[in-house]
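Values below: every heavy atom of this structure, side chains too, minus hydrogens, waters and symmetry copies.
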Amino acid sequence: MERELSLEFVRVTEAAALASGRLMGRGDKEAADQAAVDAMRAVFDTVHINGTVVIGEGEKDEAPMLYIGEKVGIDDNPSVDVAVDPLEGTNLVARGLPNALSVMAVAPKGHLLHAPDVFYMDKIAVGPKARGCINLDASVADNLKEVAKALKRDVPDLTAIILDRPRHKQLIAEIREAGARVKLISDGDVSAAISTAINNTGVDILFGIGGAPEGVISAVAMKILGGEIQGRLIPKDEDLNSIYCKDHLCSGKLLLLEDLVEGDDIFFAATGITDGDMLHGVRYRGATADTHSLVMRGITKTIRNIYATHTLEMKPHFVSKEALNR
């Protein structure tokens, strides 16, 4: 894929962030999600790819969300697979909480693991300095010891990030028993995983069960950043396990980074919607708005932070006149 596409992809996430950010703190997560989807789809219609959504908002019968199998882009080449989360953290936007993102990842056809939303994924992730030191099958205490050794710290210096869910009660207890600090989050495990590989976020390791699609999107970013993520698929309904075993998605198989995303001809883009550990949220300033995005290309390992100022009246396809007049 051409390097110029990186800026095209960030335009897609910027649009979704600008549209959904208008609804921050208004308590309507469905409206915020729909605004992000509509804006993302509109800008995809200007991007020169022949894309197929392989990780999206649902199956085709759930349209108008960006559904699995939907075609995006306006060219025949290159043919690529696209993973999207127009609004990662719908509850975060609705409640005005940190770390909501618009995010997407792109790879050649067949290079992203097909991990539909019928699965959860048990995950562990670390940044580049601790790559090779984690094992999802090892104990929490052993993983923390190895990461601390790699980072030249003591375990009590580490911060583990984990979704605040009842299912993690024992896991949280084990992290605390090992002596590490714990950062609980209500939503947004793409941002959480990637933050382990970004300097100055204060996060060292991710543990716990989150969405499987989010795990694949996170893996694209982690591969470019030089970090590591491992996962294991867990069916939300046990009856589905035998169906998906035919596609090599059997519950219990340890998935390494290369299982989640193959090769290096990959792109990742994200734009902050609310302020977070990695990205600033959207700032509206009357006729203009400011965004902060992260865009990465796998082949060159180039990582760009993009700060943009948008003239809103020039972008009517994702910022409505009604919104401009508020």
First locate atom [atom1] of [X], then atom [atom2] of [Y], and finally report the distance between them rounded to the nearest 0.5 Å.
| X | Y | atom1 | atom2 | value |
| --- | --- | --- | --- | --- |
| Asp187 | Thr90 | CG | OG1 | 6.5 Å |
| Ile198 | Asn200 | CD1 | CG | 10.0 Å |
| Leu113 | Met121 | CG | CE | 6.0 Å |
| Asp28 | Leu23 | CG | CG | 7.0 Å |
| Ile74 | Asn50 | CD1 | CG | 11.0 Å |
| Leu101 | Asp85 | CG | CG | 8.5 Å |

Taking side chain as C-beta onward, heavy atoms only, is [X] less than 4.5 Å from [Y]?
| X | Y | result |
| --- | --- | --- |
| Cys133 | Lys149 | no |
| Asp277 | Lys183 | yes |
| Leu260 | Gln230 | no |
| Phe267 | Glu8 | no |
| Val53 | Tyr67 | no |
| Phe207 | Val182 | no |
| Leu66 | Pro86 | yes |
| Leu225 | Phe268 | no |

Can you name the nearest heavy-atom pair linking [X] to [Y], along with the distance?
| X | Y | answer |
| --- | --- | --- |
| Asp189 | Glu88 | N-OE2, 3.1 Å |
| Thr274 | Leu97 | OG1-O, 2.7 Å |
| Glu228 | Met222 | O-CE, 3.6 Å |
| Lys301 | Lys223 | CE-O, 3.9 Å |
| Val93 | Ala32 | CG1-CB, 3.9 Å |
| Val155 | Leu144 | CG2-O, 3.8 Å |

Partner of His280 by side chain to side chain contact (heavy atoms under 4.5 Å, CB included), out of Asp290, Asp275, Thr271: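 Exactly one pass, corresponding to Asp275.
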
Only one of Gln170, Arg176, Lys169 forms a side chain to side chain contact (heavy atoms under 4.5 Å, CB included) with Ile172, so which one is it? Arg176

Quick check against the 3.5 Å criterion: does [X] have a side-chain atom that pairs as donor or acceptor with the backbone of [Y]?
| X | Y | result |
| --- | --- | --- |
| Asn143 | Asn135 | yes |
| Asp38 | Ala35 | no |
| Lys253 | Leu233 | no |
| His292 | Leu279 | no |
| Glu258 | Gly263 | yes |
| Asp259 | Leu256 | yes |
| Arg283 | Gly281 | yes |

Using a 6.0 Å cut-off, check whether atom CD of Glu4 has over 12 heavy atoms from anything other than its own residue. yes

Taking everything shown except Arg153 itself, do over 12 heavy atoms lie less than 6.0 Å from its CZ? yes

Show the numbers, then the answer: is there a side chain to side chain contact (heavy atoms under 4.5 Å, CB included) between Ile229 and Leu206? CA-CA 9 Å; Ile229 184 169; Leu206 171 135; 5.6 Å; no

When hydrophobic residues are tied together by side-chain contacts of less than 4.5 Å, even through go-betweens, does [X] share a cluster with [Y]?
| X | Y | value |
| --- | --- | --- |
| Phe119 | Val190 | yes |
| Val203 | Leu158 | no |
| Ile124 | Ile161 | no |
| Ile209 | Leu163 | no |
| Leu184 | Leu171 | yes |

Please test Val10 against Arg304 for side chain to side chain contact (heavy atoms under 4.5 Å, CB included), starting from the C-alpha separation and ending with a verdict. CA-CA 10 Å; Val10 83; Arg304 290 183 171 92; over 6 Å; no

Regarding [X] and [Y], does a basic nitrogen lie under 4.0 Å from an acidic carboxylate oxygen?
| X | Y | result |
| --- | --- | --- |
| Arg41 | Glu70 | yes |
| Asp45 | Lys71 | no |
| Arg232 | Asp137 | yes |

Thr302 side chain to Arg297 side chain, donor-acceptor N/O pair below 3.5 angstrom: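 No, no side-chain donor-acceptor contact under 3.5 Å.
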
Check step by step if side chain to side chain donor-acceptor pair (under 3.5 Å) holds for Ser186 and Arg95. CA-CA 11 Å; Ser186 61; Arg95 299 173 61 194; 4.8 Å; no

